[in-house]
Amino acid sequence: MNSGKKIVVLYQYFLPAYKAGGPIQSIANMCRQLGNDFQFYIICSNKDVTEKVPLQGIKPNEWNNFENGTASIFYISDDQLSKKKVLGLIEEIHPDLLFINGLYSLQFSIIPLLFSRFKKILSVRGMLHPGALSQKSIKKKFFLSFLKATGMHKALTFHATNEKEKEYIKNEFGKDVLVKVAQNFPVAKPAENVTKEKNGILKMISIGLISPMKNHALVLQALKNVRHQIVYDIYGPVKDEKYWQDCLPLIQSMPDNITINYKGSLPPDKVLPTLSQYNCFILPSKSENFGHAIYESLLSGVPVITSQFTPWNNLKSHKAGWNVDIEDVSSISNAIEEAYLLSGEEYASWSSSASAFANKSVDIEKIKKDYQQLFS
C-alpha cells in the first residue's frame, strides 16, 4: 500500500456483501478512486445483511487485499466480534482518522465513537433524514439524545453527501457542529450515448432494499390505476418481512394489464446489464442520500420515477424522468402513464437525455478534492 494517511473505515458490511445497499458501493468506489492517495483499512463483519452464512471467497479474521491494494479489509466472524476485537484492530493500525459509516451499529459505529481515542469522521449515510428517523424512532432518538448529552458530537467532523444532508445534521446536532460535504463516488463508467426502444409494453424495474423507506407498496397502489400494459420487476433483498407481507396481497390483486415479478437480490456487477433490459426505473423513496441505482439507471439511458427526497431532482425538465409526490398515489400513476405514452421517437430522446443528465451531474475530480478536504 502507499504511504499516505492511514484511514480506518468502519461499516458493518462490505463487498462481496451487497444487500445493505448504497453505503457499500460508496465505500468501495471511494477506495477505488482514492486508494493511491490514502491507506484504507476496512473493518466489517463476514456476513451480508439478512444472511446467516458467511461470505464466500474471503478470509475471515485476517487482512484481505481489495482490488490491487486500494484497501485492506478485515472481516470479523461472529465468534470473534466484540468491543475488544474492534478496538484492538484500530489500535493495531494506529490510524490518522476513523471514518465511521452509519449511526446505529453497536460494534461498528457506537463502540468506536465512544471508546476509540483517534480522530473521528462520522458519515451519517442518510440516517438523519426525517423519513429515516421515523423508522424504529424510539431506539434512534435514544442514541442521538445520548450522543448530544455526552457532548461527543462537538468533537466529531460530520460527513454529509449533499447540502440537504448537511442541513439535517445541523438540525439534529446544532448549528456549530463541523460538517463537510463530499458527494458519494458513483460507479466508474465512461460517458456514452445511450438510446433505448420501447415497444407496446412499459417494462419497469426497482432495485433496492424492500422496506417502507423505498415505498414499493405505493408503486403497487399506483399501478392499480394504470390502464396500459405494464411489466414491473422488483429486485432487492427483503429487509422488512412484515412490509413485504403487506405488499403481497397488492401484487396478487393486480388487474390483468399489470404483470409483477419479484426477482430477488441483484449483485452489483449485474446491475448495469439488467437495467439495459428495461424502459423505466421506479423507486419513490422517502429518502436517498445518493441513490446509486437511480444514478446507474439514468446513466444507462433509463428514465427514472422517484420522489423529491433524493439528489436527483428536476428530472422532467431535463427529460430524464419524473419526481412524484409520495403523498399522492395519482402523482405516481400519472408519471407511469406519461412514461408509457412516450412515442418511440420521444422515448429515444428521453433515454439519451437521461444518460446525459447523469454524466453532467457527477464531477469526479471535484468529488476527489472534496474527499481530500474531508480527510485533511
Side-chain angles (χ1 to χ4, degrees), residues 21-22 126-135 137 161-165 167-168 171 202-228 230-234 236 239-240 243-244 246-247 249-251 253-255 257-258 260 278-298 302-342 346-347 350-351 353-354 357-358 361:
M127 294 179 183
L128 293 180
H129 186 284
L133 287 174
S134 70
Q135 310 293 316
S137 57
T161 56
N162 53 52
E163 289 297 328
K164 195 70 180 173
E165 186 164 63
E167 186 181 313
Y168 293 142
N171 286 345
L202 185 71
K203 294 184 67 179
M204 299 200 314
I205 181 174
S206 291
I207 304 172
L209 295 172
I210 294 174
S211 74
M213 285 295 294
K214 305 298 184 183
N215 262 334
H216 292 85
L218 202 59
V219 177
L220 297 172
Q221 290 161 10
L223 280 168
K224 288 195 165 194
N225 303 324
V226 175
R227 303 182 304 277
H228 304 291
I230 309 290
V231 173
Y232 175 37
D233 290 349
I234 301 170
K239 184 180 181 185
D240 188 319
Y243 181 73
W244 183 235
D246 292 340
C247 290
L250 292 169
I251 292 173
S253 62
M254 283 292 151
N257 60 305
I258 308 294
I260 298 176
Y278 292 86
N279 312 117
C280 182
F281 180 93
I282 186 164
L283 202 69
S285 302
K286 293 179 182 177
S287 79
E288 296 282 352
N289 78 326
F290 183 72
H292 286 275
I294 294 173
Y295 169 76
E296 290 173 40
S297 299
L298 294 167
V302 181
V304 166
I305 298 172
T306 190
S307 69
Q308 298 153 355
F309 303 114
T310 84
W312 306 99
N313 287 312
N314 304 310
L315 290 174
K316 192 169 183 179
S317 64
H318 289 91
K319 292 188 175 180
W322 298 262
N323 295 104
V324 295
D325 180 356
I326 60 174
E327 301 297 325
D328 180 6
V329 174
S330 66
S331 171
I332 301 170
S333 304
N334 293 339
I336 295 169
E337 296 262 2
E338 282 189 49
Y340 179 90
L341 291 170
L342 290 173
E346 288 171 328
Y347 183 80
W350 278 61
S351 176
S353 295
F357 179 64
S361 297

Is the closest side-chain heavy-atom distance between [X] and [Y] below 4.5 Å?
| X | Y | result |
| --- | --- | --- |
| Glu346 | Lys319 | no |
| Ile234 | Ile260 | yes |
| Trp350 | Asn279 | no |
| Ile332 | Ile282 | yes |
| Leu202 | His228 | no |
| Lys224 | Leu250 | yes |

Inset, instruction - Go through the structure and list residues passing side chain to side chain contact (heavy atoms under 4.5 Å, CB included) with Glu296, not counting sequence neighbours. - result: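 Partners of Glu296 under the side chain to side chain contact (heavy atoms under 4.5 Å, CB included) test: Val187, Val271, Leu272, Leu275, His292.
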
Inset, instruction - With sequence neighbours left out, write down each residue that passes side chain to side chain contact (heavy atoms under 4.5 Å, CB included) with Ser331, or none if nothing qualifies. - result: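 Testing Ser331 for side chain to side chain contact (heavy atoms under 4.5 Å, CB included), a comparison that skips the adjacent residues, returns Val324, Asp325, Asp328.
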
Inset, instruction - Take Phe281 and Ile205, measure what side-chain contact (heavy atoms from CB on, under 4.5 Å) needs, and give me the verdict at the end. - result: CA-CA 5 Å; Phe281 180 93; Ile205 181 174; 4.0 Å; yes

Nearest heavy-atom pair of [X] and [Y]: which atoms, and what distance?
| X | Y | value |
| --- | --- | --- |
| Ser307 | Ser285 | OG-O, 2.6 Å |
| Ala339 | Cys280 | CB-SG, 4.4 Å |
| Ile210 | Gly236 | CD1-O, 3.6 Å |
| Ile336 | Ile230 | CG2-CD1, 3.9 Å |

Does [Y] offer a backbone N or O that forms a donor-acceptor pair with the side chain of [X] under 3.5 Å?
| X | Y | value |
| --- | --- | --- |
| Asn323 | Lys316 | no |
| Thr306 | Leu283 | yes |
| Glu337 | Arg227 | yes |
| Ser351 | Tyr347 | no |
| Asn162 | Asn289 | yes |

Inset, instruction - Measure the acute angle between the ring planes of Trp312 and Phe357, then classify it against the limits of 30° and 60° as parallel, tilted or perpendicular. - result: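 Correct class here is perpendicular.
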
Nearest 0.5 Å, please: how far is [atom2] in [Y] from [atom1] in [X]?
| X | Y | atom1 | atom2 | answer |
| --- | --- | --- | --- | --- |
| Leu315 | Thr310 | CG | OG1 | 7.0 Å |
| Tyr232 | Leu223 | OH | CG | 7.5 Å |
| Ser297 | Ile305 | OG | CD1 | 11.5 Å |
| Asn171 | Leu128 | CG | CG | 9.5 Å |
| Glu165 | Ser287 | CD | OG | 9.0 Å |

Legend entry - Crowding at NZ, Lys286 (>12 non-hydrogen neighbours, <6.0 Å):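 More than 12 within 6.0 Å, yes.
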
Legend entry - Derivation of the side-chain contact (heavy atoms from CB on, under 4.5 Å) call for Gln308 and Asn313: CA-CA 6 Å; Gln308 298 153 355; Asn313 287 312; 4.1 Å; yes

Identify all side-chain donor-acceptor contacts of residues 213-220 below 3.5 Å with residues at least two apart in sequence or on another chain.
unit_1 : atom_1 : unit_2 : atom_2 : d
Lys214 : NZ     : Glu288 : OE1    : 3.4
Lys214 : NZ     : Glu288 : OE2    : 2.6
Asn215 : ND2    : Pro284 : O      : 2.9

